[in-house]
A.B. asks: 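Below: one structure in structure tokens.
Note that these values count all heavy atoms, side chains included, but never hydrogens, waters or copies made by symmetry. Letters go in sequence order (proteins before strands), and every chain restarts at 1.
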Number of protein chains: 2
Amino acid sequence: MPRIPNQSDAFTAIAEPGRRRVLGALARDEGRDVTGLVQELGWPQPRVSKSLGVLRRAGLVTVERRGRRRVYRVNGGRLRSVYDWVRHFERFWESQLERVRARAERIERESRSARESHNPLKGEHDDNGHRERNHPHD
Amino acid sequence: MPRIPNQSDAFTAIAEPGRRRVLGALARDEGRDVTGLVQELGWPQPRVSKSLGVLRRAGLVTVERRGRRRVYRVNGGRLRSVYDWVRHFERFWESQLERVRARAERIERESRSARESHNPLKGEHDDNGHRERNHPHD
DNA sequence: ACAATATATCCTCAATCAGGCATATGTCAA
DNA sequence: TTGACATATGCCTGATTGAGGATATATTGT
């Protein structure tokens, strides 16, 4: 039985770029209703609601009923658990030396794009396939 | 076309508990080879290698060839991008007031477990389905 | 009670993913 | 070179996922 990463886990919840966008939007204001998010994001309402649902079940946001509206807010507590986890690796970027060494190692790079290539050429030309965004602040 | 969250995205890479374990194991020492991880984690080797592959493509770890061994190390730079993103939400847990308010709102809780219930009872008995670990430091 | 508004949930589909296992590739030692 | 060791990759499968669209549920105003 594969896959346990329940969507109600904070890490899984923020793995999706769209949901990160939602959190970002929520963070800008102090509480926002679904309609507001729909307008800001330009997404169909069901999609927004579903993203909010995942975030809600992950405990990353809270809801307050205001009449027919529902005001969503960022729930810091949960995000903090992610923060704390990442924080454990702080020492790996704190020292400049670390970065230098890491960079030196990156020279003799790792595997190529993984899916493509499969290039049977002798010299295994390492390449990381750097096509991702390095700052997923979506 | 659904699903874009490429595995070579740092957030997606750390979404999987197993991969978080690997990172944790790597963080304990200063460089570790696959065999070492296999022993520490008790996983079949292919699984370890595959986890490392994802982390590698996400730029979260680096490899250094040492003979037939491959020494993996945590790459702080990438983890930092996650750190920075989460950090933007710092104000949501910094103030105790925030937490108090959030807690007050949590009282009138959100949706029930999502999958189950569907209880047509009038009074919507909110429940967050708090069955996840709140500290995924796996 | 009815219509309109606001939001959540259901269903289906295509794509992705993790895990298991077998196997390929690479490297060292004799 | 041969064989053992170390690691990566390919394939298959069951399960999960996100998106889209339709629809259900709730709430307010008249």
Side-chain angles (χ1 to χ4, degrees), chain A residues 1-9 12-13 15-22 32-39 41 43-57 63-72 110-124 126, chain B residues 1-9 12-13 15-22 32-39 41-58 63-72 110-124 126:
Chain A
M1 330 96 232
R3 210 69 34 73
I4 330 102
N6 213 325
Q7 75 290 18
S8 47
D9 163 59
T12 306
E16 222 270 321
R19 273 166 333 223
R20 257 174 280 147
R21 291 259 308 269
V22 173
R32 198 109 195 219
D33 62 9
V34 180
T35 303
L37 290 171
V38 166
Q39 293 178 336
L41 299 171
W43 294 353
Q45 176 265 316
R47 182 176 171 194
V48 174
S49 275
K50 248 183 295 186
S51 288
L52 287 169
V54 175
L55 294 173
R56 172 161 39 84
R57 284 187 284 280
V63 219
E64 178 200 358
R65 298 183 126 106
R66 301 275 290 177
R68 31 182 143 173
R69 307 281 173 95
R70 300 208 179 187
V71 180
Y72 280 85
E110 327 114 26
S111 82
R112 54 232 162 254
S113 230
R115 9 177 124 275
E116 74 201 29
S117 260
H118 199 257
N119 194 336
L121 283 173
K122 196 59 192 299
E124 85 147 57
D126 278 345
Chain B
M1 314 115 231
R3 210 68 35 72
I4 329 102
N6 212 328
Q7 75 288 19
S8 47
D9 163 60
T12 306
E16 222 270 321
R19 274 171 326 229
R20 255 174 282 148
R21 291 258 308 271
V22 173
R32 199 108 195 222
D33 62 7
V34 180
T35 303
L37 290 170
V38 167
Q39 293 178 336
L41 298 171
W43 294 352
Q45 176 266 315
R47 182 177 172 193
V48 173
S49 276
K50 249 184 291 190
S51 287
L52 286 170
V54 175
L55 293 173
R56 173 162 36 86
R57 283 186 285 280
V63 218
E64 179 200 358
R65 298 180 124 107
R66 301 276 290 178
R68 30 182 144 175
R69 308 282 173 92
R70 300 209 179 187
V71 180
Y72 281 85
E110 330 112 26
S111 82
R112 54 237 163 248
S113 229
R115 8 178 125 276
E116 75 201 29
S117 260
H118 200 255
N119 193 335
L121 284 173
K122 196 59 192 297
E124 84 147 63
D126 279 333

A.B. asks: Tell me: CG of A:Leu55 to P of D:dG18, nearest whole Å?
C.D. replies: 10 Å
A.B. asks: Measure the distance from CZ on A:Arg47 to C1' on C:dA8 and round it to the nearest whole Å.
C.D. replies: 17 Å
A.B. asks: What is the distance, rounded to the nearest whole Å, between atom CG of A:Asp33 and atom P of C:dT5?
C.D. replies: 15 Å
A.B. asks: Could you give the distance from CG (A:Leu37) to CZ (A:Arg21), rounded to the nearest 0.5 Å?
C.D. replies: 11.0 Å
A.B. asks: What integer distance in Å separates B:Lys50:NZ from C:dC21:P?
C.D. replies: 11 Å
A.B. asks: Hey, does the side chain of B:Arg19 come within less than 4.0 Å of C:dA18's phosphate (OP1/OP2), counting only N and O?
C.D. replies: yes
A.B. asks: Answer with base, sugar-phosphate or nothing: what part of the nucleic acid does B:Pro44 contact at a heavy-atom distance below 4.0 Å?
C.D. replies: sugar-phosphate
A.B. asks: A:Arg57 has an atom CZ; how far is it from atom P of D:dT17, in whole Å?
C.D. replies: 10 Å
A.B. asks: Could you tell me how far apart B:Arg21 (CZ) and C:dA18 (C1') are, to the nearest whole angstrom?
C.D. replies: 15 Å
A.B. asks: Taking A:Val71's backbone N and O only, do any of them form a donor-acceptor pair with A:Arg32's side chain (distance below 3.5 Å, no angle check)?
C.D. replies: no
A.B. asks: Would you say B:Ser49 places a side-chain N or O within less than 4.0 Å of OP1 or OP2 belonging to D:dA8?
C.D. replies: yes
A.B. asks: Taking the side chain as every heavy atom from C-beta outward, state whether B:Leu52 and B:Val63 have any atom pair closer than 4.5 Å.
C.D. replies: no
A.B. asks: Tell me whether A:Arg19 contacts the main-chain N or O of A:Thr12 through its side chain, where contact means a donor paired with an acceptor under 3.5 Å.
C.D. replies: yes
A.B. asks: For the residue pair A:Val48 and A:Tyr72, establish whether any side-chain heavy-atom pair is separated by less than 4.5 Å.
C.D. replies: no
A.B. asks: Measure from the side chain of A:Thr35, starting at C-beta and using heavy atoms only, and say which of C:dG20, C:dA6, D:dA19 lies closest.
C.D. replies: C:dA6
A.B. asks: Please confirm whether the shortest side-chain N or O distance from A:Arg69 to OP1 or OP2 of C:dA6 is below 4.0 Å.
C.D. replies: yes
A.B. asks: Let me know the distance between CG of A:Leu37 and C1' of C:dA8, rounded to the nearest Å.
C.D. replies: 14 Å
A.B. asks: Please name all residues satisfying side chain to side chain contact (heavy atoms under 4.5 Å, CB included) with B:Gln45, sequence neighbours left out, ordered by chain then number.
C.D. replies: B:Val34, B:Val38, B:Ser49
A.B. asks: Can you tell which of C:dG20, C:dT7, D:dA8 lies closest to the side chain of B:Val34?
C.D. replies: D:dA8
A.B. asks: Between C:dT9 atom C1' and A:Arg56 atom CZ, what is the distance in whole Å?
C.D. replies: 10 Å
A.B. asks: What about B:Gln45, does its side chain sit under 3.5 Å from the base of D:dA8 through a donor-acceptor pair?
C.D. replies: yes
A.B. asks: Given that A:Tyr72 and B:Trp43 both sit by DNA chain C, which one's nearest nucleotide is further toward the 5' end?
C.D. replies: A:Tyr72
A.B. asks: Could you go through nucleotides 27-30 of chain C and list every protein N or O atom that sits under 3.5 Å from one of its N or O atoms, giving the distance for each pair?
C.D. replies:
| from | atom 1 | to | atom 2 | distance (Å) |
| --- | --- | --- | --- | --- |
| C:dC28 | O4' | B:Arg68 | NE | 3.4 |

A.B. asks: Would you check if B:Asp33 and B:Arg66 make a side-chain contact, meaning some heavy-atom pair closer than 4.5 Å?
C.D. replies: no
